[in-house]
Amino acid sequence: MSIFTLTIFGITGNLSQIKLLPALYDMAQKNLLPDISIIGIARKEMDNNAFKKYIYDSLTLQNRHHKHPIDKNIVEKLCKDFRYIRGDVDKPNLYPLLKKHFKKTGTNNNVIYYLATYPDLYDAIFKNLASHKMNRHKNGWVRLMIEKPLGTDLSSAKKLNLLLSEYFSEEQIFRIDHYLGKETIQNILTFRFGNGLFEPLMNKGYIDHIQVTALEDFGIGTRGGYYDSVGALRDVGQNHLLQMLAFATMDAPNEFSNPEITKKRLEILKSLVPAKKAVFGQYETYQNEQNVIGNSQTDTFFAFKTYIHNKRFEGIPVYIRAGKQMKETVTEISIIFKVPINRLFKHIHLGNQPNVLIYRIQPNEGIILKILGKKPGHEIALSPEYMEFCYRNLLPHKLPDPYERLLSDAIRGDQTFFNDAAEVEAQWRFIDPLLANRSAPAIYKEGSWGPKTADDLIEKDGRSWLIPSPQYCRI
Ligand code: BG6
């Protein structure tokens, strides 16, 4: 007898291999999958043994976020309640098979459908679920997990939201942005609203500007087919980076609940001042990557400046950048504070340096506060020092993967760290003009900090990009 069935459409796809199976493995290891049955659906012919082998092989693939050794006993444990069903998701004959399975396992009407498949199949899946009365149940619950790409612009995102709303209610839909499942992003709320010390400083009276950075020291690998049609701004800008900014700048929710937190994130997304233009870049060898079209103008880097139009942040610039094949892999949000006019040590070397608060999302996860300290000795000399809260001190082993967190939340029916329809649309509303105003990407060297145009963007304001330090919270 199971409590519910997790049904994964597209179990042999990239998302399942790289994200879902590792998360399910970790959950099985931690006994977080009690009494559930899992169904994986794909078109490939596989018997039970071949499916088990597929799971094992997927778990042992090289994976940036899932590096620990794989224990065959845990794989066995995971496979015990995992069934493979071969079928075409757009053909009606698959759905009675699913229904039969739900009945057999006793999960009755409690189901999560995970769409790990191509968006062009959504329509057919929804129609089939509806015609077999599987999208809503009077007794029991049905939830749908869906993720990027949630449209390619505002108009297609609206269409997708409309399609979803024909078959599911908003309470049933769990739109994933896996950044919301990152411990370090969620910790921003605790840091800001669970302490009294910093929040009074989070406003234009104290802040000079904000930087949001997501850099990766690797390229697109084998994902050319997908990536070349979207580019960096759609791939991570429309979603992860805007959400990072929302967490760092949203107002305090009245309570820790899904409606309140979502409302506050949405307020920020809606108050972003449309940026006129973004700077785009492309790494030098991008055009040689697999499945990239010749003379591709796709961006692998972008940077732009915006403002938040509200009382708290009016007039404070926010600089956002992301890129592939950069000098380092680092994701962080930096709050750069103003230097008070009457600071005592301003005339001394380094005395004019600002305090900076850094939310280090990854790697070396933590929160760092840059302060000035006195250099020991007879002179009055200053040196920048770093006060650190580091996860490595809290947790000797790895933080839970975002997919593990988000699957657990969906199982519990908690939508706090999922996006609703309005958020996705607000994000596209902001990104659309930048896409419409696109210029050809500037070529940059692999292992650099991106094109010079990105430096110009911030330097013309008399500021510069912070160089992310590998020293923070070093493991
Ligand atoms: C994905 C993007 O959503 O996020 C990838 O498609 C990117 O291009 C990835 O590399 C970054 O996520 P993470 O968790 O590795 O920082």
Side-chain angles (χ1 to χ4, degrees), residues 10 13-23 26 61-67 115-116 118-119 145-152 175-188 212-245 247 280-283 286 289-292 296 298-302 320-333 359-366 391 398-407 417-419 423-424 427-428 431 446 450 468:
N14 186 267
L15 172 67
S16 295
Q17 278 202 305
I18 308 292
K19 302 290 191 185
L20 299 184
L21 290 172
D26 288 352
L61 283 176
Q62 204 187 1
N63 189 326
R64 226 164 23 95
H65 289 301
H66 199 253
K67 289 182 181 156
L115 299 179
Y118 294 110
M145 298 183 77
I146 177 170
E147 71 183 284
K148 214 177 54 154
L150 297 172
T152 52
R175 290 181 191 76
I176 298 183
D177 175 333
H178 79 278
Y179 265 56
L180 271 61
K182 287 193 189 274
E183 279 292 341
T184 47
I185 297 270
Q186 296 187 6
N187 189 35
I188 295 175
V212 183
T213 292
L215 308 177
E216 295 171 324
D217 66 359
F218 48 87
I220 57 163
T222 53
R223 295 169 75 219
Y226 153 76
Y227 196 90
D228 203 40
S229 65
V230 291
L233 186 59
R234 283 193 177 98
D235 184 42
V236 297
Q238 180 270 345
N239 36 70
H240 309 333
L241 276 94
L242 292 186
Q243 285 292 331
M244 281 163 68
L245 178 63
F247 274 74
F280 292 101
Q282 186 183 84
Y283 59 83
Y286 175 74
E289 300 280 23
Q290 208 179 311
N291 296 326
V292 166
S296 165
T298 297
D299 46 302
T300 61
F301 175 98
F302 68 84
I320 298 189
R321 67 176 166 163
K324 295 209 181 274
Q325 286 290 16
M326 312 295 292
K327 189 162 182 161
E328 262 172 44
T329 294
V330 65
T331 308
E332 63 187 26
I333 307 164
Y359 301 113
R360 171 56 72 86
I361 309 304
Q362 60 196 23
N364 306 350
E365 291 84 351
Y391 272 96
K398 153 185 164 333
L399 296 170
D401 185 84
Y403 280 84
E404 175 188 325
R405 287 292 326 264
L406 295 174
L407 275 166
F417 294 108
F418 293 85
N419 291 145
E423 274 183 287
V424 173
Q427 290 171 184
W428 280 119
I431 293 294
E446 281 90 335

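All values below were derived from every heavy atom in this structure, side-chain atoms included, with hydrogens, water molecules and symmetry-related copies excluded. Heads up: numbering here begins at 1 and tracks the sequence. Each ligand, and each atom within it, is numbered from 1 in the order the structure gives.
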Close N/O pairs between ligand 1 and protein, under 3.5 Å:
unit_1: ligand 1; atom_1: 3 (O); unit_2: Lys148; atom_2: NZ; d: 2.6
unit_1: ligand 1; atom_1: 3 (O); unit_2: His240; atom_2: NE2; d: 2.7
unit_1: ligand 1; atom_1: 4 (O); unit_2: His240; atom_2: NE2; d: 3.3
unit_1: ligand 1; atom_1: 6 (O); unit_2: Lys148; atom_2: NZ; d: 2.8
unit_1: ligand 1; atom_1: 6 (O); unit_2: Arg223; atom_2: NH2; d: 2.7
unit_1: ligand 1; atom_1: 6 (O); unit_2: Asp235; atom_2: OD1; d: 2.6
unit_1: ligand 1; atom_1: 6 (O); unit_2: Asp235; atom_2: OD2; d: 3.3
unit_1: ligand 1; atom_1: 8 (O); unit_2: Arg223; atom_2: NH1; d: 2.9
unit_1: ligand 1; atom_1: 8 (O); unit_2: Asp235; atom_2: OD2; d: 2.6
unit_1: ligand 1; atom_1: 8 (O); unit_2: Lys324; atom_2: NZ; d: 2.9
unit_1: ligand 1; atom_1: 10 (O); unit_2: Glu216; atom_2: OE1; d: 3.4
unit_1: ligand 1; atom_1: 10 (O); unit_2: Glu216; atom_2: OE2; d: 2.5
unit_1: ligand 1; atom_1: 10 (O); unit_2: Lys324; atom_2: NZ; d: 3.1
unit_1: ligand 1; atom_1: 12 (O); unit_2: His178; atom_2: NE2; d: 3.2
unit_1: ligand 1; atom_1: 14 (O); unit_2: His65; atom_2: NE2; d: 3.4
unit_1: ligand 1; atom_1: 14 (O); unit_2: His178; atom_2: NE2; d: 2.7
unit_1: ligand 1; atom_1: 14 (O); unit_2: Lys182; atom_2: NZ; d: 2.7
unit_1: ligand 1; atom_1: 15 (O); unit_2: Arg64; atom_2: NH1; d: 3.4
unit_1: ligand 1; atom_1: 15 (O); unit_2: Arg64; atom_2: NH2; d: 2.7
unit_1: ligand 1; atom_1: 15 (O); unit_2: His65; atom_2: NE2; d: 2.6
unit_1: ligand 1; atom_1: 16 (O); unit_2: Tyr179; atom_2: OH; d: 2.6
unit_1: ligand 1; atom_1: 16 (O); unit_2: Gln362; atom_2: NE2; d: 2.5

Is there a donor-acceptor contact under 3.5 Å from the side chain of Thr213 to the main chain of Glu332?
no

Using side chain to side chain donor-acceptor pair (under 3.5 Å) as the criterion, point out the one residue from Glu446, Gln325, Glu289 that pairs with Tyr283.
Glu289

Any donor-acceptor pair under 3.5 Å linking the side chain of Tyr227 with the backbone of Val292?
no

Scan Thr298, Thr300, Asp299 and name whichever one has a side chain to side chain donor-acceptor pair (under 3.5 Å) with Ser296.
Thr298

Would Tyr226 and Asp235 count as a side chain to side chain donor-acceptor pair (under 3.5 Å) if you check the C-alpha gap in whole Å, the side-chain angles of each, and the deciding distance to 0.1 Å?
CA-CA 10 Å; Tyr226 153 76; Asp235 184 42; 2.6 Å; yes

Would you call the rings of His178 and His240 parallel, tilted or perpendicular, taking 30° and 60° as the class edges?
perpendicular

